[in-house]
Amino acid sequence: MAQHAAKGARFQAVTANRLSDGEVVYWSADNRWVEGFTEAEIADGADAADALLARAMPADFEAHVLEPYLFEVLEDGSFYKPASVRETIRAAGPTVRLDLGKQAGA
Amino acid sequence: MTELNLVIDGAAAKNIWHYLDDDAPLTDAPSIITLTRLKAEADSLASRTAPLGVILHADGLGKTDQGEDVRELAPYIDQLALVALHFPIYRNGRGYSAARVLRQEFNFAGELRATGDVLYDQWAMMNRCGINAFELADNVSLETFQTALGELSGAYQPAADATRGALWARSGK
Amino acid sequence: MYRYDEFDHQLVADRVSQFRGQVERRVSGALTEDQFKPLRLMNGVYLQLHAYMLRVAIPYGTLRSEQMRMLAHIARKYDRGYSHFTTRQNIQYNWPALDKIPDLLDELATVEMHAIQTSGNCIRNVTSDQYAGAIADEVEDPRIISEIIRQWSTFHPEFTYLPRKFKIAVTGHENDRAAIKLHDIGIVVKQNSAGEIGYEVHVGGGQGRTPFVAKKMTDFVPKEKLLAYLEAVMRVYNMLGRRDNSYKARIKILVHETGQEEMQRLVEAEFAKIDASDMLTVPQEEIDRISAYFAPPAFETLPAESETFTQAQAADADVARFVRANVVAHKQAGYAIVNISLKPIGGVPGDATDTQMDVIADLAENHSLDEVRVTHEQNLVLPHVKLDDVKAVYDALAAHELATANLGLISDQIACPGLDYCNLANARSIPLAQEISERFADLDRQYDIGELKIKISGCINACGHHHVGHIGILGVDKKGTEFYQISLGGAADENAAIGQITGRAFTEEDIVDAIETVVTTYTDLRADGERFIDTYNRLGMAPFKERLYD
Ligand code: HEM
Ligand code: SF4
C-alpha cells in the first residue's frame with residue numbers, strides 16, 4: 001500500500017476504503033466517513049494533519065474501513081482538489097469508464 | 001515453567017517444557033534449547049538422559065534472511081524428544097517444510113510443536129505437515145481449534161498425516 | 001473437459017463456507033485487516049482503488065459455455081455489467097462488495113469454478129496453451145498434466161505460505177503460447193525416444209522488478225513423477241527462498257543467487273528423497289481417469305475444404321480479413337480455431353460486457369463443441385469451429401463488437417488495469433493502449449506493420465508483461481505526473497527475451513508519437529519478410545534510439 005502524504009504538503013485530507021464494499025471514503029469534519037471528497041475535512045499544516053489522522057483512527061476504526069492515510073490536496077479557487085492523479089481518480093472513478101464510480105452520479 | 005494454552009494430539013495438555021536462554025543452566029527438567037546451543041554443547045549433551053528439546057527459528061533471528069536449517073538437526077535427532085518450530089509471523093511458512101522433513105525424512109516421532117504467530121487459519125495446514133502440538137493464544141478454546149481442523153473435508157495431496165489425497169484415494173491407492 | 005467429482009465439489013463448498021466464516025470474523029472484528037488480508041488474498045479478493053476486486057480462476061484457460069454464462073451472470077448481478085480477462089487466464093471483477101462475495105462464490109461453485117489461490121503467496125492458477133487439443137503437432141494435451149498439477153497444488157499444506165506467489169505454466173507444443181519461460185516453473189511436454197511422455201522443466205522465470213527468463217532444470221521427468229519433482233522444487237524454494245525483502249522473494253532470485261547448477265543439485269537431491277518414498281507417484285488409473293476428460297471431443301468427419309467458407313471470404317472483404325488475422329488451422333479436417341479479439345479499436349484491452357460473454361457462451365455451445373478458451377494475451381478463443389460455421393460465428397461476433405481482425409497486430413495490446421483501477425499503479429495503462437489503438441486504427445496499416453506485440457504495465461510489477469513486449473511500455477511516476485518508458489526486443493514465446501530500455505521516459509503527450517517513431521523506424525529499415533522483432537534482433541537498439549532521441 002503506497003503512502004501518499006507528500007512531505008511539505010500544506011493541505012491534507014484522510015481517505016480510506018469502506019470495509020463492507022471497498023467504497024472510497026473520506027473523514028469529514030463531523031467525524032464520520034463520507035463518500036464525497038467535497039465533504040472531506042481539510043487539514044492545514046502538518047500538525048493538523050496528524051491530528052486529523054488520529055481522529056480518523058479511533059481504536060475500532062478497522063471495523064469500518066481499511067488502511068486510512070493522509071494525502072495532499074491543493075487549493076483550487078475557493079475549493080480543494082486532490083493533488084495526485086491517483087487521488088483524483090479515486091475521488092472520481094476510472095478515467096476510462098466515466099459511467100462508473102463517483103463521477104457517474106455527479 | 002510457563003503456563004501455556006497447549007493442545008497436543010487434539011486434546012488440551014499441560015506444558016512440561018522450559019524454554020531455556022542460552023546462558024541459563026541446563027537442569028534435568030525437560031528443556032528446550034536453541035540450535036546454537038545444541039551444536040555448541042553437543043559433546044556434553046550426548047550423555048544427557050533427561051528430556052531434551054530444541055527450538056528452530058524460521059527467520060534466522062535477524063542475522064540472515066533464511067532461518068535455521070532443519071537438516072542441521074540430523075546428527076542429534078535421536079536425542080530429541082521435542083522440536084519447537086517458531087513462526088515469527090504467520091506469513092513465514094518455512095516451518096511447514098521443516099515439519100515435513102522432520103516427520104518424513106528423519107522419521108522424528110517426538111513432539112513437534114508450533115510456537116509464535118500461530119493462528120486459526122494455519123492450524124489445519126500445520127497439522128497436515130506433522131505438527132502435533134500447538135501453543136495457542138489464551139482466548140482460544142479447544143472447540144475452536146477442532147473446528148479449524150475440520151473446515152476442509154479432504155485433501156488432494158499426501159503430506160505428513162494419514163490422509164492419502166484424492167489423486168491417490170480415487171483409485172484406491 | 002475436466003468435470004468435478006463429489007470430492008472436488010465438496011472441497012470447493014468447504015472453502016466457500018470457510019471464507020464466509022472468515023468474512024464474518026473480519027466484519028465482527030475478530031480478525032484484524034492484517035490477519036484477514038492473506039486470507040482474502042488466498043480467495044482472490046484484493047482491494048483496488050475504488051472497490052474490492054475479485055479474481056476468479058479459469059484453470060488452464062478452458063471454459064464450458066455454462067461457465068461463461070455464469071461469468072456473465074456474475075458481472076450483471078454482483079458487478080457493473082462487465083469484467084476483465086487477465087494475462088493469467090483469470091477473470092477479474094472490479095466492483096464486488098465484500099459481504100456479497102461468499103454468495104457470489106456459492107454461485108460460481110455451481111459451475112465448478114472458484115477463486116481459490118488466485119492471489120497470495122501460494123501456487124496460483126496453472127496456465128496453459130489456449131490452442132490445447134485443437135492445434136496440430138501437439139505432443140500431448142497440456143491440460144492433462146495441468147489438471148493434475150491443479151489438484152496437487154490446491155490447498156497444499158506445505159506451500160500455502162511461500163516466500164512469494166508462485167506461477168506454473170505448461171505447453172504441449174513447441175510454439176509456446178503460454179509464456180512458460182516467464183513463470184516460476186515452466187513445463188514443456190516432451191516425448192522421449194521410447195515414446196514415453198514426460199516433461200522438461202524450467203525454473204526461475206518471472207517479470208516484476210527484476211525480470212528473468214527461466215533456466216532449464218531438467219530435460220525429462222517421467223509423467224508419473226512430475227509431482228515429486230515439483231514438490232522438490234517447491235521445498236527447496238520454501239526452505240531457502242528469501243523472506244527478508246519481498247522484491248527478492250521470488251524463486252527467480254533464488255535461482256539467480258544460487259546459480260543454475262547448484263539449484264539443479266539441490267532440486268535433484270530433494271527429488272531423490274521424495275521419489276524414494278514413492279508417495280507422490282501418481283497412480284496410472286488416476287492419470288487415465290483425468291486424461292479421459294481431455295480426449296478429443298466428438299468431431300465430425302468433414303472434408304478438409306469448405307465451399308461455404310471459401311465463398312464467404314470471397315464475398316465479403318471483412319470476413320476475409322477476419323479469417324486472415326484471427327482464424328488458425330485446426331488439427332481436425334474441416335475445423336478451425338477462431339480467435340475473438342477483446343481489443344476493439346479504442347476499447348479497454350481484456351474487458352467484456354455481460355452481453356458479450358453471453359453471446360460467446362452461445363457461440364461456444366452451438367459452434368465450438370461447448371468450449372471457450374482464454375489467452376494470456378487477454379483474448380478469447382472458440383477452439384473447435386467447423387469451417388462451414390465460421391461465417392455465422394463471424395456475423396454474431398461482429399454484431400457485438402467482437403470481430404476486430406487484429407490478432408497479433410499492433411492494436412492487439414496487453415495492458416494491465418493501471419492507475420484507473422490498481423492500488424499499486426504509478427501511471428495509467430488503459431488510456432495509452434486506447435490512444436495507440438486509435439492512432440493505428442487503419443487495419444491495412446496494421447497488416448502492413450505485421451506481427452507486433454505492445455505490452456503496457458502501469459508500474460514495475462509488470463502485470464502487463466512490458467518486459468516481454470516487442471515494444472514494452474512502463475508507466476513511471478515523477479513527482480505525481482505520469483511518464484512512460486519504452487523497451488524494445490522482448491519476447492514471450494519459445495525464444496523468450498527481456499526487452500531493453502530505450503532511454504529516458506516520455507510524457508503522456510509524447511508517448512504515442514514515440515511509439516509511432518519506433519514503428520516507422522522498423523518499416524523504413526525492415527528487410528523483406530522481416531517482422532518487427534526480426535529487424536530489431538538484426539539491427540539492435542541503435543537506429544531506434546537515434547530516431548527517438550534526436
Ligand atoms: C489489483 C490489481 C493487481 C495487483 C495489486 C497486482 C499485483 C502484482 C504484483 C505486486 C506483482 C509483482 C510480483 C512480484 O514481482 O513478486 C504482479 C505481477 C504480475 N501480475 Fe499483477 N496485480 C494486479 C493485477 C493484475 C492483472 C489484471 C493481471 C493480468 C492482466 C496481472 C498479472 C500479473 C502478471 C502476469 C505478473 C508478472 C508475474 C511475474 O512477476 O512473474 N496482475 N502483480
Ligand atoms: S503492473 Fe502495476 S499498475 Fe499494472 S496492474 Fe500490476 S500492480 Fe497494477
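Proteins get letters first, then strands, A, B, ... in listed order; numbering begins at 1 in each.
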Greatest number of non-hydrogen atom pairs under 4.5 angstrom with chain C, of B/L167, B/V101, B/N127, falls to B/L167
Taking all non-hydrogen atoms of both residues into account, name the closest pair between B/A166 and C/E286 and its distance. O-OE2, 4.4 Å
Taking the six-membered ring for Trp and the single ring otherwise, decide whether the centroids of C/F7 and B/Y156 are under 6.0 Å apart. yes
Exam field: side chain C/N121 to backbone B/R91, donor-acceptor pair closer than 3.5 Å: no
One option among C/Q10, C/M234, C/R25 has the most heavy-atom pairs under 4.5 Å with chain B, and it is C/R25
Would C/L31 and B/L119 count as a side chain to side chain contact (heavy atoms under 4.5 Å, CB included) here? Give the steps. CA-CA 10 Å; C/L31 288 176; B/L119 303 176; over 6 Å; no
Under 3.5 Å, is there a donor on one side chain and an acceptor on the other for C/E158 and B/S97? yes
In terms of heavy-atom pairs under 4.5 Å with chain B, the winner among C/N238, C/N245, C/V282 is C/N238
Of all of C/I290, C/T281, C/I148, C/L227, which one pairs up most often with chain B through heavy atoms under 4.5 Å apart? C/T281
Strictly less than 4.5 Å between heavy atoms, which residues of residues 129-149 of chain B line up against chain C? Please order them by number. B/C129
Which atoms of B/Y120 are under 4.5 Å from chain C, going by heavy atoms: the side chain, the backbone, both sets, or neither? side chain
Does C/G241 offer a backbone N or O that forms a donor-acceptor pair with the side chain of B/R94 under 3.5 Å? yes
Are side-chain heavy atoms of C/R243 and B/D59 found at a separation under 4.5 Å? no
What part of B/A155 lies closer than 4.5 angstrom to a heavy atom of chain C: side chain, backbone, both or neither? backbone
C/K223 atom NZ, over 12 foreign heavy atoms within 6.0 Å: yes
I need the B/N92 CG to C/L162 CG distance, nearest 0.5 Å. 11.0 Å
Test item: B/Q157 side-chain N/O and C/T154 main-chain N/O as donor-acceptor pair under 3.5 Å: yes
The interface call for C/Q35 against chain B, heavy-atom contacts under 4.5 Å, is both
Would you say B/R128 and C/H156 make side-chain contact, with heavy atoms under 4.5 Å? no
Check B/R170 with C/D5, please: is the shortest side-chain N to carboxylate O separation under 4.0 Å? yes
Non-hydrogen atoms of B/Y96 and C/P157 that approach each other most closely: CD2-O, 3.3 Å
Answer whether the closest heavy-atom distance between the side chains of C/F36 and B/D121 falls below 4.5 Å. no
With a 4.5 angstrom heavy-atom cut-off, is it the side chain or the backbone of B/E105 that approaches chain C, or both, or neither? side chain
Who wins among B/A159, B/S153, B/G154, B/G95 for the most heavy-atom pairs under 4.5 Å with chain C? B/S153
Sidechain-backbone polar pair: B/W168 side chain, C/L280 backbone, donor-acceptor under 3.5 Å: no
For chain B, which residues of residues 264-272 of chain C have at least one non-hydrogen atom nearer than 4.5 Å to it? C/E270
Distance in Å, C/F159 CZ paired with B/R100 CZ, rounded so as to fall on 0.5 Å steps: 6.5 Å
Starting at CD1 of B/I89, measure out to OH of C/Y161 and round the result to the nearest 0.5 Å. 11.5 Å
